[in-house]
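First comes the structure, then the notes that go with it.
What you see is a predicted model, and the numbers here were worked out from it, not measured in a lab.
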Amino acid sequence: MSHRIVVVGHGMVAHRFVAELLAHGLPDVTLTVLGDEPEAAYNRILLPDVLPGHLDLAGLTLPAHPGVDARAGVRATAIDRGRRVVTDDAGGEHPFDTLVLATGAAPVFPTIEGLRDSAGQPMPDVTALRSWADAQHIRAAAAEGARVVVLGGGLLGIEAAVALRRAGCAVTVIHRGGAPLDRQFDALSGRVVAASLADHGVAVLTDCRIAGIERRWNHALKSIRLTDDRRIEADLIVVAIGVEPRIELAARAELAVRRGVLVDDLCRTDDPDIHAIGDCAQTGRGCQGLVGPGWEQARVVAHHLAEKIGGRARPRPTLGFDAGVVRLKADGVDAVTMGAFPADEFGLGAPRVLGFVDAAGRRRVRIAVADGVLVGATCVGDPQIAADLTVAFDSRMPVPADPAALLARPLAGAAPAASVLDLPDEAVICRCNAVPKQAIAAAVGGGAASVPEVAEVTRATTGCGSCTNDVCRLVEALGAAPSALVTEKEGAFAVA
């Protein structure tokens, strides 16, 4: 009898889980995926690029998986653990032997009077940017010249703000912290980012608290009043202050939940036949809210099921995702951070920390070195240094005896300390679409004769574009067409 696997949710992590499981080639497995959005799985990370018109839904949509019963617009409403059945909003039943919850997270809206209507729903001029529907709503509401206030100066808030400015809106970011991006970047780097945003016409107000929302007689948005009595006129509010795991379905099924659905190192809930992955899952590291850990969880669960169902004996992946590389994907505002820095730079045995700031040049670089390798790096305003530091971080190649060379070398025009060609096969080249080096090599080996053809096969370079130079170098070294086949369009890379 076929082993029935039902996946609830069809976001990026669920899509990755299905791909990972199919790669194991298990016989006698049926896969049903229930996604409550009407669209097929798409790349949610790139939604800000929809706002200025850089991408449409086709450009976001992830490849379909042949043989998988993927149902869009079907919302799971209940789990009957005794009968091993998931019920959907139309009353349909989906029996399972294994259930994988990938229900994601929902945007958090602040409890401020004037943001919601009498039914508790956000007002029409208040929205998040979490779904394709949100992006379409913002595009319709944020006409050229519209005054938009973005609540939250994290990665999504800044990316949305820059995209809206590119679309011709007057944009103000209101952030409670002392500097934007303060969850991932140090305060000085955040201040340099804020200065760069100002250069691009995006105002950033920090250390701010909102006292209320002011509306006109017809309930149209008028302004946001801060606790210091400043008023920011606005036609639209975009909320980007965070997300909360969607655990309602699991909680109703009496699975163990806290902030997220509690899982072990195999992403199993307290019911061993039910797993949770992605933003809804709470591992021993908490709810990390990044797609990278979710992809790792997808790989772990797929491997576990391959062993359980098919008896496959391959090296078992483990959960151990670190900070990885976090990149701001905003046109003209370059910022990337990776790894970790010590809490006390002067502590015994602490990594060696070096850096410089060039406020006038809108640049900031900071690195941490331990045991001869780069363990942390932050770079704002210099894509070349950022690219070289990323290669050095990913490859864990030895750094120069004097780590200060990592700061000065790119400025002196010296050769990179490490090349993309030196990275291991499993190293991720395109982070937006999680394309490893070996996938690009396989595409070239399979007949892809140019960068656009490689992009068509792997989707590398079709996201934020930050990987384009590395992909071009790799493809050229493998004997395909050189980087001249890639063009730059309005600050984002597109295949020619």
Side-chain angles (χ1 to χ4, degrees), residues 45 153-156 158 177-193 242 259-260 265 279 281-297 299-300 317-329 334-357 363-383 385-407 410 417-418 423-424 426-429 431 434 466:
I45 294 174
L155 288 167
L156 178 59
I158 297 303
L181 307 178
D182 49 2
R183 286 190 61 184
Q184 294 87 12
F185 291 74
D186 63 280
L188 188 52
S189 296
R191 290 177 60 190
V192 174
V193 169
R259 182 167 184 263
D265 287 345
D279 286 346
Q282 182 174 345
T283 70
R285 293 169 176 257
C287 301
Q288 292 174 277
L290 297 171
V291 73
W295 282 335
E296 185 178 67
Q297 292 160 16
R299 184 169 60 255
V300 166
T318 58
L319 295 181
F321 190 89
D322 58 21
V325 179
V326 177
R327 189 184 306 275
L328 177 69
K329 294 177 288 294
D334 298 294
V336 61
T337 188
M338 62 203 78
F341 290 86
D344 180 8
E345 297 179 19
F346 295 91
L348 183 64
R352 185 175 178 185
V353 178
L354 304 86
F356 75 81
V357 60
R363 296 187 306 165
R364 158 72 162 162
V365 181
R366 185 177 183 227
I367 63 172
V369 174
D371 299 323
V373 298
L374 189 69
V375 297
T378 295
C379 182
V380 177
D382 197 316
I385 294 179
D388 291 340
L389 290 176
T390 303
V391 170
F393 177 78
D394 279 337
S395 65
R396 296 190 64 81
M397 294 185 68
V399 301
D402 182 358
L406 291 174
L407 308 177
L423 294 178
E426 63 274 13
V428 175
I429 305 299
R431 293 182 181 275
S466 62

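For the pair Val325/Phe393, a side-chain contact is recorded, criterion being any heavy-atom separation below 4.5 Å from C-beta on. Residues Leu181 and Ser189 form no side-chain contact, since every pair of their non-hydrogen atoms from C-beta on lies 4.5 Å or further apart.
With sequence neighbours excluded, the residues that form a side-chain hydrogen bond (donor to acceptor under 3.5 Å, both in side chains) with Thr378 are Thr337. Scanning for side chain to side chain contact (heavy atoms under 4.5 Å, CB included) contacts around Asp334 gives Pro383, with sequence neighbours left out. Arg183 meets the side chain to side chain contact (heavy atoms under 4.5 Å, CB included) test with no other residue; sequence neighbours excluded. Judged as a side chain to side chain contact (heavy atoms under 4.5 Å, CB included), and not counting sequence neighbours, the contacts of Ala281 are Val263, Ala276, Gln297. When the side-chain hydrogen bond (donor to acceptor under 3.5 Å, both in side chains) test is applied to Arg191, no partner is found at least two apart in sequence or on another chain. Judged as a side chain to side chain contact (heavy atoms under 4.5 Å, CB included), and not counting sequence neighbours, the contacts of Arg396 are Val373.
Note that the CZ atom of Arg352 and the CD1 atom of Ile367 stand 8.5 Å from one another [nearest 0.5 Å]. Taken to the nearest 0.5 Å, the CD1 atom of Ile45 stands 5.5 Å off from the NZ atom of Lys329. Rounded to the nearest 0.5 angstrom, Arg363 CZ and Ile385 CD1 are separated by 6.0 Å. Rounding to the nearest 0.5 Å gives a distance of 9.5 Å between CD of Gln184 and CG of Leu328.
Other residues, nucleotides and ligands place more than 12 heavy atoms under 6.0 Å from the CG atom of Asp402.
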Discussion item. Quick one, Asp186 with Arg364, criterion side chain to side chain contact (heavy atoms under 4.5 Å, CB included). Give me CA distance, side-chain angles, the key distance, then yes/no.
Written reply: CA-CA 10 Å; Asp186 63 280; Arg364 158 72 162 162; 3.0 Å; yes
Item to complete: Apply side chain to side chain contact (heavy atoms under 4.5 Å, CB included) to the pair Leu389 and Val365, showing each step before the final yes or no.
Response: CA-CA 10 Å; Leu389 290 176; Val365 181; 4.1 Å; yes
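For the residue pair Gln282 and Arg259, the shortest heavy atom distance occurs at OE1-N, 3.1 Å. Nearest heavy atom pair, residue Asp265 against residue Val300, reads O-CG1, 3.7 Å. When all heavy atoms of Ala392 and Leu374 are compared, the pair lying nearest together is CB-CD2, 4.3 Å. Considering all non-hydrogen atoms of both residues, Ala187 and Ala179 come closest at O-CB, 3.8 Å. The shortest heavy-atom contact between Ala340 and Ala368 is O-CB, 4.1 Å. In terms of heavy-atom proximity, Cys379 sits nearest to Ala386 at SG-N, 3.7 Å.
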